[in-house]
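Notes follow once the structure below has been shown.
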2 protein chains.
Amino acid sequence: MTTTHRSPALTAANVEAAVEALRERGLRVSAARRLVLEALYGAEGPLSAERIAEGLEGRLPRSDLASVYRNLETLEEVGLVRHVHLGHGPGLYALAAPEHEYLACESCHAVRSVAREELDGIRAQVREQFGYEARFTHFPLVGLCPNCLAESEGHAHP
Amino acid sequence: MTTTHRSPALTAANVEAAVEALRERGLRVSAARRLVLEALYGAEGPLSAERIAEGLEGRLPRSDLASVYRNLETLEEVGLVRHVHLGHGPGLYALAAPEHEYLACESCHAVRSVAREELDGIRAQVREQFGYEARFTHFPLVGLCPNCLAESEGHAHP
DNA sequence: CGGTAACTGCGAATGAGTCGCAAAAACTAA
DNA sequence: TTAGTTTTTGCGACTCATTCGCAGTTACCG
């Protein structure tokens, strides 16, 4: 719900550039493919395949969820799209371009997205302590958000 | 696969204590329930419901997966059991008692479990920077483990 | 020993995602 | 433009992990 996500404006130019990248790889630019891409360019935050499919209804003679999944997969292979798994619920898809990583709240399920660099400090510490290179792109950093933390911490009012 | 997990030995005393906790809450101690508990006490690392169910076969006239899930749910409500979601694959269940948190490798899927305190430093930094109280009990800290990191970093030998 | 919740087993249902396949596009070259 | 080739699509069926409904048991209390 709460998502600080800035995606590039949905401009013909942006979509056209992406489409060009597809053509260069020998992939075809079907109406469905293009619309999936547009949905992601126009989105405020990451979208589920289901939601994207809903958006296609009407804008396309017939559309189906399986194709949306296949397109998302393809777009991901090409590097245009990325997906996250935010706790329960379906996987969510977003443009790969703005290098976002995610913080999710275990309690209220709010998701905050932050620029990659904002997690550099934490990544450094994880690397130092465990030798792991932490990644919060496919799976978020999970915890209690400030709100839920305050609620659980202070006043345990009846 | 790779799991550094120390669970209390499977002793009658341990299981009996857990069983007592159940009785105190007005829950019944069925054969199936007890065996689920024993499986977790005897396990080296977290187990899937499926695996636990397999373990019941033979030790019980008839057993079924749905009941294992229900028992795990109950045991979790009581606070005896906890579950983790390690990337894809089914959820895994373990005793709640030894306060473990998990590091998972996105590439080779190895899972390392560490004592809760080992992540205190990272938790502190996350809290300081974002006000989040990080938790790696239900969802692990995900990244590249030292091995996979080394492979991807240095020599890109053919 | 009942009685009466709390469990169990079963089968069917759910949600997310994948797969196979024939029909329908998109490119490509002529 | 059109014919040919190859990708994509739409559909339905399927998987996997998990949940649900419900009738039949079973564990505990008296």
Side-chain angles (χ1 to χ4, degrees), chain A residues 16 18-37 39 46-78 80-81 83-93 138-139, chain B residues 16 18-37 39 46-78 80-81 83-93 138-139:
Chain A
E16 248 24 69
V19 151
E20 203 35 49
L22 291 179
R23 286 228 174 74
E24 270 162 34
R25 305 242 186 171
L27 292 167
R28 296 183 182 176
V29 183
S30 66
R33 195 107 96 193
R34 181 177 229 119
L35 285 171
V36 167
L37 222 28
L47 299 175
S48 69
E50 187 99 38
R51 249 163 119 3
I52 294 173
E54 283 166 19
L56 301 197
E57 273 164 35
R59 238 160 300 206
L60 212 54
R62 6 198 78 264
S63 80
D64 101 296
L65 191 50
S67 294
V68 170
Y69 274 111
R70 278 182 296 221
N71 275 323
L72 288 169
E73 192 188 10
T74 304
L75 294 171
E76 198 154 12
E77 278 162 16
V78 172
L80 290 169
V81 164
H83 73 272
V84 222
H85 292 283
L86 303 177
H88 289 289
L92 302 180
Y93 297 80
H138 289 5
F139 298 97
Chain B
E16 249 21 70
V19 151
E20 202 37 48
L22 291 179
R23 287 228 174 75
E24 270 161 34
R25 305 244 186 171
L27 293 167
R28 296 184 181 175
V29 183
S30 67
R33 194 107 97 196
R34 180 175 229 121
L35 285 171
V36 167
L37 222 29
L47 299 175
S48 69
E50 187 97 37
R51 245 161 122 6
I52 295 173
E54 282 166 21
L56 300 198
E57 273 164 36
R59 239 160 299 207
L60 211 54
R62 8 197 78 263
S63 80
D64 103 294
L65 191 50
S67 294
V68 170
Y69 273 109
R70 280 182 293 222
N71 274 323
L72 289 169
E73 192 188 12
T74 304
L75 294 171
E76 198 154 12
E77 280 162 15
V78 171
L80 290 169
V81 164
H83 73 273
V84 222
H85 291 283
L86 304 176
H88 289 287
L92 302 179
Y93 296 80
H138 289 5
F139 298 98

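Reminder, nothing fancy here: chain letters follow the sequence lines and each chain counts from 1.
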Any base atoms under 4.0 Å from [X], or only sugar-phosphate, or nothing? Heavy atoms, all strands.
X       : result
B:Ser48 : nothing
B:Leu65 : base
A:Gly26 : nothing

For the [atom1] atom of [X] and the [atom2] atom of [Y], what is their distance to the nearest 0.5 Å?
X       : Y       : atom1 : atom2 : answer
B:Arg25 : B:Glu77 : CZ    : CD    : 9.5 Å
A:Leu72 : A:Ile52 : CG    : CD1   : 4.5 Å
B:Leu65 : B:Glu54 : CG    : CD    : 9.5 Å

Point to revise | 5' precedence on DNA chain C between A:Glu50 and A:Ala66 (nearest-nucleotide basis) | key: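 Upstream on the strand: A:Glu50.
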Give a yes/no answer on whether the side chain of [X] brings an N or O atom under 4.0 Å of OP1 or OP2 in [N].
X       : N      : value
B:Arg23 : D:dC28 : yes
A:Arg62 : D:dC11 : yes
A:Ser30 : D:dT8  : no
A:Tyr69 : C:dT18 : no
A:Ser67 : D:dG10 : yes

Nucleotide nearest [X] (side chain, heavy atoms from C-beta), chosen from [options]:
X       : options               : value
B:Val29 : D:dC28, D:dT9, D:dG12 : D:dC28
A:His85 : D:dT19, D:dT7, C:dG17 : C:dG17
B:Ala32 : D:dG10, C:dT4, C:dT8  : C:dT8
B:Asp64 : D:dC11, D:dT8, C:dC10 : C:dC10

Give the rounded distance in Å between these two atoms: [atom1] of [X] and [atom2] of [N].
X       : N      : atom1 : atom2 : result
B:Arg51 : D:dA17 : CZ    : C1'   : 16 Å
A:Leu60 : D:dT8  : CG    : P     : 15 Å
A:Arg34 : C:dA25 : CZ    : C1'   : 14 Å
B:Asn71 : D:dT19 : CG    : P     : 13 Å
A:Leu47 : C:dA16 : CG    : C1'   : 16 Å
B:Arg25 : D:dC28 : CZ    : P     : 17 Å

**Study point:** Toward the 5' end of DNA chain D, by each residue's nearest nucleotide, B:Tyr93 or B:Arg28
**Key:**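 Closer to the 5' end of DNA chain D: B:Tyr93.
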Exercise for review: Map B:Glu73 and A:Leu27 onto DNA chain D by nearest heavy atom, then report which one ends up closer to the 5' terminus.
Suggested key: A:Leu27
Exercise for review: Evaluate the ring planes of B:Tyr93 and B:Tyr69, with Trp represented by its six-membered ring, and classify them as parallel (under 30°), tilted (30 to 60°) or perpendicular (over 60°).
Suggested key: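 Ring orientation of B:Tyr93 relative to B:Tyr69: perpendicular.
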Review point. Do the side chain of A:Arg70 and the base of D:dT9 come within less than 3.5 angstrom through a donor-acceptor pair of N or O atoms?
Key: no
Check your understanding: Is the shortest side-chain N to carboxylate O distance from B:Arg34 to B:Glu16 below 4.0 Å?
Key ->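 Counted as a salt bridge, because a side-chain N and a carboxylate O are separated by less than 4.0 Å.
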Check your understanding: Per the side-chain contact (heavy atoms from CB on, under 4.5 Å) rule, which among A:Val19, A:Val68, A:Leu22 passes with A:Arg33?
Key -> A:Leu22
